[in-house]
Amino acid sequence: MSERWWESAVFYQVYPRSFQDSNGDGIGDLEGVRQRLDHLQWLGVDAIWLTPIMPSPDDDCGYDVSDYRDVHPELGTLDDLDRLLHDAEARGIRVLLDVVPNHTSDRHPWFRDPAREDWYVWTDRPNNWVSVFGGPAWDFDQQRGRYYLHQYLPSQPDLDWWNPAVRREFLEILRFWFDRGVAGFRIDTANRIIKDRELRDNPPVTPDMHPVAARLGQRPLYTTDRPEVHDIYREWRRLCQTYTPERALVGETWFFDLQRLAAYYGDDDELQLCFNFLLTHSAFQADVMRGVVESTELALPAFAWPCWALSNHDVSRFVTRWCGGDERRARVAMTMLLTLRGAPFLYQGDEIALTDQPVPPERKRDPLDLRMPGRGRGRDPERTPMPWAAGPGAGFTEPGVEPWLPIGSDWRSVADQRADPGSFLNFTRGLLAQRRANPDLRSGAYQTLESPPGVWRYQRGAGTVVTLDFERWEARIESSSAGAGTDS
Ligand code: NOJ
Ligand code: CA
């Protein structure tokens, strides 16, 4: 594999709690991921990203870490992780973890350690900052008689990245996992970690803001994208470069402004991949999708490798959100994902065209949904367990065991689809094989071609043309260069 292995890799996001339960407690775990490596290898992915696996009280499903150097007991042990890393490597699959540097759990020992009080952001006079999860971003701490900052839940206090001790600690944490063989990290809420030192008030929403970003009710000028954040990622990248193969950093760069997104690639000395959420949050229409891709191609510096996802654990699954459950539309979307220039991230279940599954109120687990009821659909429907096979437990857990979230029934299982050459699963696998076999698709330049309204055509490299028809819902890949051109 090339030095810049992340540029030829297809990534796959695993949500461990919902991937495979290996011990019959209804919760997916690391041993379960290991047992399902066959599927990932058969599908043809090169790397997996595991959402947080570290110990956590699970107020925010693992995004509230209470120990950055261990594995959550419900998910397994460090030994289980080592076994997973070993077996994945034997199959040529790299493993990335999720690091949460913006905040810890309030039950992390650091938060109550008097010697580490200055590891968090405190004030006597709260400013106007609001939490992404609703309400003020400041909570009063009785014990200390001051307010602490939390950009998410009150039980997720923000770390103070102005403090050099925090910076040193996280470099050590990254090193801890890199030394075990972890190939890289997805960085949670990467653009928010360092805040304005003077804690200035955020200004009101401006008309140019993307409606999704404007939901916060203010412009996050002093809470997001502070210039100093780049110093931190330059240091992280330097650490990555001390390893062979180089370790990769993938930013959860939640921006709709592509210039600001581009800045996180630095001068090829910061993050190697930055998620492009403008695509995920745009309408699935030919001209809109084409517009996002063209502006991304323009905004990113020549060395930068774009990074695309249709779904993840925070948004409605693309088959529901974009395609209304229609598999023909889903085939167009999947063809787009796997033929664009850049790193594609599949979210577990995307390969079988899994839709959001209903979660009744009494089974809800998403704190965002419980804290802000009525705000929307919550994030549980896209986090339900993988349906591997028909029957009780769906191959995810043992029959008779209640899984942590309901499995639902509105799906065709992996086993069922694997046996059917015309299934969505085999279609996705075929696209992955084409991408692997065709250098145009893997690394060729992107160029828009002329096309009638409702159709988006583009060329990749010297000889591969992709046609996505958003009216007849058809997708075609034609290739005159090496690698087979196949109609899909
Ligand atoms: C982004 C994560 O993807 C999401 O699940 C989490 O709730 C927030 N960051 C806070 O960590
Ligand atoms: Ca389990």
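Counting starts at 1 for both ligands and their atoms, in listed order. Quick caveat, the model's predicted, so the values are computed rather than measured.
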**Q** For atom 3 (O) of ligand 1, find the nearest protein heavy atom and state the residue, atom name and distance (0.1 Å precision).
**A** D314 OD2, 2.4 Å

**Q** Does E117 use its side chain to pair, donor to acceptor, with the backbone of A115 at less than 3.5 Å?
**A**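 Pair absent, no side-chain N/O of E117 close to backbone of A115.
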
**Q** Check whether N191 reaches the backbone of T224 with its side chain - one donor and one acceptor, N or O, closer than 3.5 Å.
**A** no

**Q** Number the atoms of ligand 1 from 1 as they appear, then name those within less than 4.0 Å of a heavy atom of R383, with their elements.
**A**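 Contacts of ligand 1 toward R383, numbered from 1: 5 (O).
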
**Q** Take the angle between the ring planes of F345 and W49 and call it parallel below 30°, perpendicular above 60°, tilted in between.
**A** perpendicular

**Q** Passes ring pair (Phe, Tyr, Trp, His ring centres under 6.0 Å), W322 versus F284? Steps please.
**A** CA-CA 6 Å; W322 274 352; F284 191 54; 4.7 Å; yes

**Q** Quick one: is the NZ or CZ of R94 closer than 6.0 Å to the six-membered ring centre of W5, and within 45° of its axis?
**A**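 Judged by the rule (NZ or CZ under 6.0 Å from the ring centre, within 45° of its axis), R94 counts as positioned above W5.
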
**Q** Over 60° means perpendicular and under 30° means parallel, so tell me whether W254 and F256 are parallel, tilted or perpendicular.
**A**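 W254 and F256: perpendicular rings.
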
**Q** So do P220 and W129 actually touch side chain to side chain, heavy atoms under 4.5 Å?
**A**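 Answer no - side chains too far apart.
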
**Q** Is it true that the NZ or CZ of R226 lies under 6.0 Å from the centre of W161's six-membered ring and within 45 degrees of the ring axis?
**A** no

**Q** Say whether F133 and ligand 1 are in contact under the criterion: heavy-atom distance to a ligand atom below 4.0 Å.
**A**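 The answer is yes, since F133 has a heavy atom less than 4.0 Å from ligand 1.
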
**Q** Given the Ca ion (ligand 2) as the apex, I'd like the angle to O of I27 and OD1 of D25, rounded to 10 degrees.
**A**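 Approximately 90° at the metal, rounded to tens of degrees.
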
**Q** Please say whether H103 places an N or O atom under 3.5 Å from an N or O atom belonging to ligand 1.
**A**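 N/O-N/O distance below 3.5 Å exists for this pair.
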
**Q** Please list the nearest protein heavy atom to atom 7 (O) of ligand 1 with its residue and the distance rounded to 0.1 Å.
**A**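 Closest protein heavy atom to atom 7 (O) of ligand 1: D60 OD2, 2.6 Å.
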
**Q** Short N/O distance, under 3.5 Å, between R186 and ligand 1?
**A**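 Yes, R186 has an N/O under 3.5 Å of an N/O on ligand 1.
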
**Q** Does R192 approach ligand 1 within less than 4.0 angstrom via side chain, backbone, both or neither, non-hydrogen atoms only?
**A** neither

**Q** Counting backbone and side-chain atoms alike, does T397 have an N/O/S atom under 3.0 Å from the Ca ion (ligand 2)?
**A**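 Within the cut-off used here (under 3.0 Å), T397 places no N, O or S atom near the Ca ion (ligand 2).
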
**Q** Using heavy-atom distances only, which candidate in I187, D188, V315 approaches atom 9 (N) of ligand 1 most closely?
**A**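 Of the listed residues, D188 has the closest heavy atom.
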
**Q** Have D225 and Y264 got a donor and an acceptor in their side chains that come within less than 3.5 Å?
**A**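 Yes, side-chain donor-acceptor contact under 3.5 Å.
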
**Q** Provide the number and element of each atom of ligand 1 under 4.0 Å from a heavy atom of R379.
**A** 4 (C), 5 (O), 6 (C), 7 (O)

**Q** Could you tell me which N, O or S atom of D29 is nearest to the Ca ion (ligand 2)?
**A** OD2

**Q** Is D21 close enough to the Ca ion (ligand 2) that one of its N, O or S atoms comes in under 3.0 Å?
**A** yes

**Q** Could you see which bit of Q151 sits under 4.0 Å from ligand 1, with heavy atoms only: side chain, backbone, both or neither?
**A**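 It is neither part, as no heavy atom is under 4.0 Å.
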
**Q** Under the ring-ring contact (aromatic ring centres under 6.0 Å, His included) test against F19, which residue among W388, W404, F396 passes?
**A**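 That would be W388.
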
**Q** One residue to check: Y15. Relative to ligand 1, which of side chain, backbone, both or neither has a non-hydrogen atom less than 4.0 Å away?
**A**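 Y15 to ligand 1: no contact under 4.0 Å from either part.
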
